[in-house]
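Read through the structure below, which is laid out as structure tokens, and then see the notes.
Just so it is clear: chains get the letters A, B, ... in the order the sequence lines come, proteins before strands, and each one is counted from 1.
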Amino acid sequence: MPKKPACEQMLQVLKLVPVGRVVSYGQLADLAGLPGRARLAGRCLLQCEETVPWHRVVRSDGRLAFSAGFAQFTEQRILLTDEGISVINGRVKMREVVWKPDLYTLLVELSG
DNA sequence: ATACGGGCACCGG
DNA sequence: GCCGGTGCCCGTA
């Protein structure tokens with residue numbers, strides 16, 4: 001795994017999250033080799049300039065990070081719904097939609 | 001048992 | 001210090 005700036009590595013991982021699946025901020029950080037940096041993951045998405053599936057990132061308990069009533073909350077709900085992920089009471093059912101990547105495959109994809 | 005929602009500790013930038 | 005696109009504990013229903 002080549003050494004890269006933290007945000008870039010997390011965005012790399014994020015791009016691999018398949019349609020219809022989600023990851024938590026902490027999971028994204030973990031997979032990027034930055035355990036315990038959940039909030040950093042959120043910051044990366046905020047500052048991110050390229051196009052990434054930001055809507056596939058939610059809190060570890062399934063709640064959307066944005067507060068209900070904010071435009072981005074609605075946007076995320078719509079994007080997720082379009083992918084077949086139902087958002088009820090501002091949260092998704094992690095048991096059903098969380099991404100569980102095969103770590104070996106992930107490593108290969110990040111390397112080459 | 002399970003879901004909802006409030007609240008606060010955590011940890012960089 | 002201050003401030004988050006967090007995590008997770010805990011009381012309720």
What do you reckon, A/Cys48 and A/Cys7 SGs under 2.5 Å?
-> no
Produce a footprint string for nucleotides 7-13 of chain C: one letter per nucleotide, 5' end first; B if the base is under 4.0 Å from any protein heavy atom, S if only the sugar-phosphate is, - if neither.
-> BBB----
Heavy atoms, side chains only, cut-off 4.5 Å: are A/Val52 and A/Lys15 in contact?
-> yes
Kindly say whether A/Arg91 contributes a backbone atom to a donor-acceptor pair with the side chain of A/Asn89 at under 3.5 angstrom?
-> no
Separation of atom CD in A/Gln76 from atom C1' in C/dT6, rounded to whole Å | 13 Å
Listed partners of A/Thr81 passing side-chain contact (heavy atoms from CB on, under 4.5 Å), at least two apart | A/Arg77
Using a 3.5 Å limit on both pairing distances, list the dot-bracket string of DNA chain B from the 5' end; Watson-Crick and G-U wobble pairs count, crossing pairs take [ ], interstrand pairs take |.
-> .||||||||.|||
Mind checking what makes side-chain contact (heavy atoms from CB on, under 4.5 Å) contact with A/Glu75, not counting sequence neighbours?
-> A/Trp54, A/Leu79
Any sub-3.5 Å donor-acceptor pair from A/Gln76's side-chain atoms to A/Val57's backbone N or O?
-> yes
Which residues in residues 80-94 of chain A have at least one heavy atom lying under 4.0 Å from any atom of DNA chain B?
-> A/Asn89, A/Arg91
Would you call A/Arg59-A/Asp61 a salt bridge at under 4.0 Å N-O?
-> no
Kindly give the heavy-atom pair with the smallest separation between A/Val17 and A/Arg21, and that separation in Å.
-> CG1-O, 3.6 Å
When you measure from the side chain of A/Gln27 to the backbone N and O of A/Trp99, does any donor-acceptor pair fall under 3.5 Å?
-> yes
Taking a hydrophobic cluster as the set of Ile, Leu, Val, Met, Phe, Trp and Tyr residues connected by side-chain heavy atoms closer than 4.5 Å, whether directly or through intermediates, do A/Val19 and A/Leu11 fall within one such cluster?
-> no
Positional range of nucleotides in DNA chain B within the contact set of chain A, heavy-atom, under 4.0 Å = B/dC4 to B/dG13
Locate the shortest heavy-atom distance separating A/Ala41 from A/Leu28; write the atom from each residue and the value.
-> CB-CD2, 4.4 Å
Kindly indicate whether the side chain of A/Ile85, heavy atoms from C-beta on, has any atom under 4.5 Å from the side chain of A/Glu96.
-> no
